[in-house]
Each structure stands twice: as C-alpha cells, then as structure tokens.
Amino acid sequence: MEKSSGSIGGGAISHGGSRLGDQSCGREDKSVHMGSVRMTSSAESLFRVVPMVLCVTALVVMLKNAMSNDYGSVSSSDLGGFKYLIYANGICAGYSLLSALYLAAVRPPSSSSTTTTTMYSQQTAWTVFFFDQVMTYIILAAGTVSAEVVYLAYKGDEAITWSEACGVFGGFCRKATVSVGITFAAVVCYVLLSLISSYRLFSSYDAPISSSSYPAKQGDHEIGAGFH
C-alpha cells in the first residue's frame, strides 16, 4: 500500500510539473510572438514615412510650378491633371503619416489571450489593407494622368490641336517632369506597402485543411483491405 501511495503521489507531482512546464512554454511563445509583432509594426511604421516624404516633395514642386515670359504665363493650377496630382499627393501624404502613427500606437493588450490577439491583429490588418489599396490606386491615377499631360506638353498632339509648349516654357515642363517622377517613386512605395499589408492580412488566417488530413471512413478502410 505504501508503494502504491508513493506511485500515485509521484504521478501527481509529475503531472503537475508537466502542466506547469506547458504553461511556461506557452507564455514564452506568446511573449516571443508579441515581440515579433511589435518589431514588424515598428519597422513598417518607419517605412511608411518614405512615401509621405515623396508625396510632400512632389506636391511642393508642382504647387510652386509657375512660369511667365514674353509668350504668356502658365501655372500648375491651369491644368486639371496637375491639380489632381497636388490633391492626390496631399491625401496620400496625410494617410502615410496617420497609418504610421496608427501602426505604432495600436498594440494588442499583452495580457490578452491568443484568440483575442489574433482577432485584434486581423481587424488592424483589414483596416490597413483596405486603405493601402485605395491610396495606391489614387496615387497611381494621379501619376498616370500627369504623365500624359507632360507628354502632350513635350510632343503636342495635332489631332486634338494641342501644340507643343515645352519649347517656350521649358522650366515649367522640367519641374512638372520632376514632380511626376517623384510621384511614381511614391507609387512604387505604395505597391510595396500593399504587398506587405496583404501578406500580413492573409497570413493571420489558418491555411485550409486538405482532404488528406481528414480521417478515412470505415468503408474506405474495408475497400483498401479488400485489394490487399
């Protein structure tokens, strides 16, 4: 009887020790995961400052782009494509700043469960993913429209009676070209941000279970045994 009691006591201690070990491992895994999430968000927040700087630069260059000479005067406000580029760059610059602050500030509570943390991350990922897509198309449209205006200013188009103007307003065209080029650099940054946000979003979901993971039915075992 004493041996039996000792065995039972030893088993209880062993079982309790393994349970404590599992809990400590779970806490360590959770802390490692939270640290990785914070580090990734901080790095992405810093990267989002890059398109903000590009958009502000393109906006200022185009906004101050005006020229006058003996042939007349021209300003970026005279052309709808350039006005749209100014507004689009302003909107995207503001969004870049807000999204960087949002990702830096929004953190799941450290005491929350794994399920709560996952739901929290998915909500954040959906929000950032949606607005990243919208801003990418806005800035891409602005760059494309403005590039067409610059092309017409350099080459002209006789079919629509649009004469070449850069021979007369060369400085204006050069500044417009610089602004459009910077805008397309911002487009590249937004494309990369869209890829990052889409990866973060879809990686937060579990992969679908393949049919081979399901247990085979009894009939399948019998049919397989019949072939043997």
Side-chain angles (χ1 to χ4, degrees), residues 29-65 76 81-112 114-150 175-207:
D29 292 341
K30 183 179 177 180
S31 62
V32 170
H33 174 71
M34 292 295 298
S36 177
V37 169
R38 288 183 179 131
M39 186 178 298
T40 303
S41 297
S42 300
E44 186 178 348
S45 297
L46 291 175
F47 181 64
R48 286 179 178 275
V49 176
V50 176
M52 182 194 71
V53 174
L54 293 174
C55 287
V56 170
T57 304
L59 182 154
V60 172
V61 171
M62 186 62 79
L63 189 62
K64 293 185 175 182
N65 192 15
S76 58
F82 290 165
K83 289 172 66 176
Y84 175 60
L85 181 138
I86 292 172
Y87 294 140
N89 275 295
I91 293 171
C92 291
Y95 167 74
S96 295
L97 177 60
L98 291 176
S99 63
L101 295 175
Y102 177 74
L103 287 174
V106 173
R107 295 286 188 274
S110 57
S111 60
S112 59
T114 304
T115 304
T116 304
T117 303
T118 302
M119 292 177 62
Y120 198 93
S121 300
Q122 289 175 352
Q123 292 174 358
T124 302
W126 270 112
T127 302
V128 176
F129 170 77
F130 173 77
F131 284 106
D132 278 354
Q133 299 296 316
V134 172
M135 294 301 157
T136 299
Y137 285 110
I138 288 176
I139 196 68
L140 177 61
T144 303
V145 171
S146 299
E148 183 179 2
V149 175
V150 170
K175 288 184 178 179
T177 303
V178 170
S179 180
V180 172
I182 296 173
T183 300
F184 275 108
V187 170
V188 173
C189 291
Y190 272 107
V191 169
L192 293 176
L193 287 173
S194 296
L195 292 174
I196 292 171
S197 60
S198 61
Y199 173 78
R200 182 178 57 248
L201 171 63
F202 296 113
S203 63
S204 65
Y205 292 91
D206 294 331

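In this text, all values refer to a predicted model and were calculated from it rather than measured experimentally.
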## Note on the structure
Closest non-hydrogen atoms of V61 and K175, given as atom of the first, atom of the second and distance, are CG1-O, 3.5 Å

### Summary
d(N89 CG, S179 OG) to nearest 0.5 Å is 6.0 Å

### Message
For a 4.5 angstrom cut-off between non-hydrogen side-chain atoms, does V180 reach L85?
### Response
yes

### Check: M62 main-chain N/O paired with S76 side-chain donor or acceptor under 3.5 Å
yes

### Task
Examine distances only and state if a side-chain atom of S99 and a backbone atom of Y95 form a donor-acceptor pair shorter than 3.5 Å.
yes

### Any side-chain heavy-atom pair of M135 and L140 under 4.5 Å
no

### Message
Using side chain to side chain contact (heavy atoms under 4.5 Å, CB included), reason through Y87 and L59 one step at a time and then give a plain yes or no.
### Response
CA-CA 8 Å; Y87 294 140; L59 182 154; over 6 Å; no

### Query
Hey, are S45 and Y102 close enough side-chain-wise for a donor-acceptor pair under 3.5 Å?
no

### Query
What is the distance from atom CD of Q133 to atom OG of S194, rounded to the nearest 0.5 Å?
4.5 Å

### Task
Can you sort out the partners of V53 under side-chain contact (heavy atoms from CB on, under 4.5 Å), two or more places apart, ordered by chain and number?
V49, T57

### Evaluation steps, side chain to side chain contact (heavy atoms under 4.5 Å, CB included), between V128 and R200
CA-CA 10 Å; V128 176; R200 182 178 57 248; 3.4 Å; yes

### Query
Roughly how far, to the nearest 0.5 Å, is OG1 of T183 from CD1 of I139?
5.5 Å

### Task
For D132 and S197, test the side chains for any donor-to-acceptor distance below 3.5 angstrom and give the result as yes or no.
yes

#### Entry: Closest contact, heavy atoms only, C55 versus Y190
SG-CE1, 4.2 Å

### Query
Distance from I138 atom CD1 to C92 atom SG, nearest 0.5 Å?
5.5 Å

### Task
Taking the side chain as every heavy atom from C-beta outward, state whether F47 and L192 have any atom pair closer than 4.5 Å.
yes

### Query
Is it the case that more than 12 heavy atoms not belonging to F184 sit under 6.0 Å from its CZ atom?
yes

### Message
To the nearest 0.5 Å, what is the distance between OG on S198 and CG on L193?
### Response
10.5 Å

#### Entry: V150 side chain reached by F82 side chain, heavy atoms, under 4.5 Å
yes

